[in-house]
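Down below is the structure, laid out as C-alpha cells.
Order of the sequence lines sets the chain letters (A, B, ...), proteins ahead of strands, with each chain counted from 1.
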Amino acid sequence: MNNQLLADLLYPNITKTPADYENIYPKRALDDNAEVMRIAPSPTGFIHLGNLYGALADERIAHQSNGVFFLRIEDTDNKRLVKGAVETIISTFDYFKIEFDEGAEVKNNNGNHYGPYYQRQRTDIYQAYAKDLVRKGLAYPCFCDEEHLKQQRTKQQELKITTGYYGPWAVCRNLDFELIKANIEANKSFVIRLRSNGDPKIKHSFHDEIKGDITVIENDQDVILLKADGIPTYHFAHAVDDHLMHTTIVLRGEEWLGTLPIHLELFKALNHPLPKFAHTSQLMKMDNGIKRKLSKRKDPELSLDYYRQLGYHPDAVKIYLMTLLNWNFEEWFLKNPDADITAFKFSVNKMGQSGALFDLDKLNNISKTFLSKKEPEEIMMYLKNFVQENDASKMDIYFKDEAYLLQILNLGMGTNLKKRRKDYIYASQILASIAYYFDDVYQPSYDFIFDKSLCIKIIEAFIANYDHRDDNAQWFDKLKAIATQFNIAAEMNDYKNNPDAYIGNISELAEVLRVATTGYKNTPDLWSIMQIMQEKRVLTRLHQALDTLNGKM
RNA sequence: GGUCCGUUGGUGAAGCGGUUAACACACCAGAUUCUCAAUCUGGCAUACACGGGUUCAAGCCCCGUACGGACUACCA
C-alpha cells in the first residue's frame, strides 16, 4: 500500500506539513525554567469550582516562573456547544481576576502568536498532522459506522474482554487501497484512527508531577484522531496543540489519567517531545457520610455563580482554593497575613494527591478573616458593586448617605477595637446584617425574653429617661437604674451569686432594648448603634416595638 | 468485567522508617462590669481502612483484602 497516495486521497486540499507548522509556531523565547501553562475548558456553559481550582494553579505556576498562561477553547464537540458559554468563561475568570497572557478573547499587545485558540479554527492544522501520520502508516481511515461499533462492543462485553477498536477488532486497519478509494469516491463517511502498536501487557513507570511515580500500560486502542466531520477528538487535539503552543506542564483533572496511555502513544507517533503532566485530584464533598465527587446537579456550591451571587469576595475564594491547592499555603498565610498571595511560592508537588473535600465552613472562616482586614471604605465599594450588579433597585437605600453607611461598617467591623470583629462573610450576608439601620428594608421579627407587660414597662422607662447626648457610661447607668426598678440584677455578679433573688439580669434587659431597636438579639454595641441611628430613628423604633407589643400593629 | 488512582481525628492536612502523630477549620467549656456569630484562655477527639510480611524499629517499605473514585464514546 502506498501511504503517500492514501494521504493525498484523503486530504487532497491540505498542503501544509507539520514542518511548516513547526516554523509558524517556533519555540517560545522564555527562560529555561519558565513554565507554559494553559487552561482548556470546553464551552458547555457550566464553569465550576474545579475550573477555577485548576486555573489558579496554572496561573501561579506560569507567572511565578515568568512563563505564559493561556486560554484555549476546546470546542470540538459540536453536540455540546452552548451559546454564550465562552463569554461566561471569560467573564467568570475576569471576576476572579485570573489573568491570561494570551488566548481566546484575550487582549494582548504582543499578539497572540500561537493561535487560533479556538480548536474549531485549527482544523487544517490537525488534518495536516493526521495526513502526515497516514503518510507514515501510523494512521488510517476507518469506515465502520456507529451501529457496527455498538454491536462489536456488545459482543466484547459478552465475551468479557476489553471493549474498543484494537487488534483483530480493528477491521479497517488493513483495507485495500482500491476499496478505500472506492469508498471515498462513493462519499462514504470515515474517521481517521491511530494505528496503535502498543501492548497493554507492557507496563511503564511514569512520573506525574502531582501523583508521583505511577504505572501506565501501553495503549493498543486504534483511537479516533479525526471524527467524521474532520474535527479532532480531545486526544489528538491535545497532542497537537500542546506541542505547537509549547505547553510545558499539562495540568488537568485526574479523570484524564486513564487516557494518558493514549496521549503518550500519540506524542510518540507525532514525534513530539513530552511535556510534564500534573493530574489534580478531584474536589469532593461529604454527603450522608460518603465522600463523593461534587456534582453539577446536586451541588449548587460547585458552580462559581453560587459564590458570585452570594457576593463572596473573589480574593477570599482564591485564598481558600490556595489552601486546598498547596498544603503549605495556609501556614505561610498565617505567618504573612498581609502579603499578597502571589508572594507565595507555589509548588506542583505540594498539591494533594487525594480528593480534597470542599469545606464551606472553612471558606467562610477565611472569608471573615479576609474581609476583617479591609477598610470600611473598601467594604463599601465592594458592597456597592455587588448591589449594583445584583439588586440595583436597592442602590438608593444603602448608598444615599454614605457617611451613615460608613459609620455602620466601622462599628460592624470594630475598626476602633484592638482586634477587629470577624462577622462579615460575603456581600449579601453583610447587607442582611445591617438591614436594620435602613427603614426601607427593616422588617423586625420580635422575640422578647420577658413577658409582654414587662417589656412594655422596660421600653417605656427607657424612653422616659433617654437622652441622646448621654455617653456610653451614662447610658448604661440608666439601664442599671431601670433594672433595679424592676428587680432585675444590675450587676452580673449579683445575679450569678443569687439568681433566685431576681427576675432577670442586666444582660437580658439590654436584650429587650436591643430587640426593640434592631429586631435582633445579637448586634454590635447597642449604645453605638443608637448613636449612629440618631435620636429620631431610635425613638421611632422603640415606639414601633411598643405598638407591636400593645397589639396595635 | 478490565485498567489506573486513592484511604491519617467531625473536616482539610503535615509527617515518607526511629521521642507524647504538627498545624488549621469545626466543636465544647470558662472568661468578657449589655448581647454575640467577635475576642481571650483552656479542652476535645477510640486519627494512621483491615490482615499479613520485611525490619532492632512501619502511618511511612512489600503482599493481599475491603472501601471510595476515575477511565473504559466519532464527550471532554
Among the candidates [options], find the nucleotide nearest to the side-chain atoms of [X].
X: Glu330(A); options: U33(B), G12(B), A76(B); value: G12(B)
X: Ile217(A); options: A76(B), C75(B), U3(B); value: U3(B)
X: Leu257(A); options: C4(B), G2(B), C74(B); value: C4(B)
X: Glu74(A); options: U72(B), G1(B), A76(B); value: A76(B)

Should the heavy atoms of other residues, nucleotides or ligands under 6.0 Å from NZ of Lys521(A) be counted, would the total exceed 12?
->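 Yes, NZ of Lys521(A) has more than 12 neighbouring heavy atoms, counting only those of other groups under 6.0 Å.
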
Write down the distance separating the P atoms in G12(B) and C48(B), rounded off to the nearest Å.
->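 Looking at atom P only, G12(B) and C48(B) are 15 Å apart.
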
Take atom C1' in C44(B) and the same atom in G1(B), then report the distance between them in whole Å.
->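 Going atom to atom, C1' in each nucleotide, I get 46 Å.
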
Using whole Å, report how far NZ of Lys422(A) lies from P of C36(B).
->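 Distance check: Lys422(A) NZ to C36(B) P gives 19 Å.
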
Calculate the interatomic distance between Lys211(A) atom NZ and G69(B) atom P; express it in whole Å.
->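 Checked: the NZ to P distance equals 14 Å.
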
Going from CZ on Arg420(A) to OG1 on Thr415(A), what distance comes out if it is rounded to the nearest 0.5 angstrom?
->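 Here the interatomic distance stands at 6.0 Å.
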
Kindly compute the distance separating CH2 (Trp169(A)) from CD1 (Ile161(A)), expressed to the nearest 0.5 Å.
->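 Nearest 0.5 Å value for the CH2-CD1 distance: 4.5 Å.
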
Nucleotide forming a Watson-Crick or wobble pair with G18(B), both distances under 3.5 Å =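 Here G18(B) is engaged in a pair, and the nucleotide opposite it is C56(B).
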
Partner of A45(B) by Watson-Crick or G-U wobble geometry, both contacts under 3.5 Å, or none?
->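 WC or wobble partner does not exist here.
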
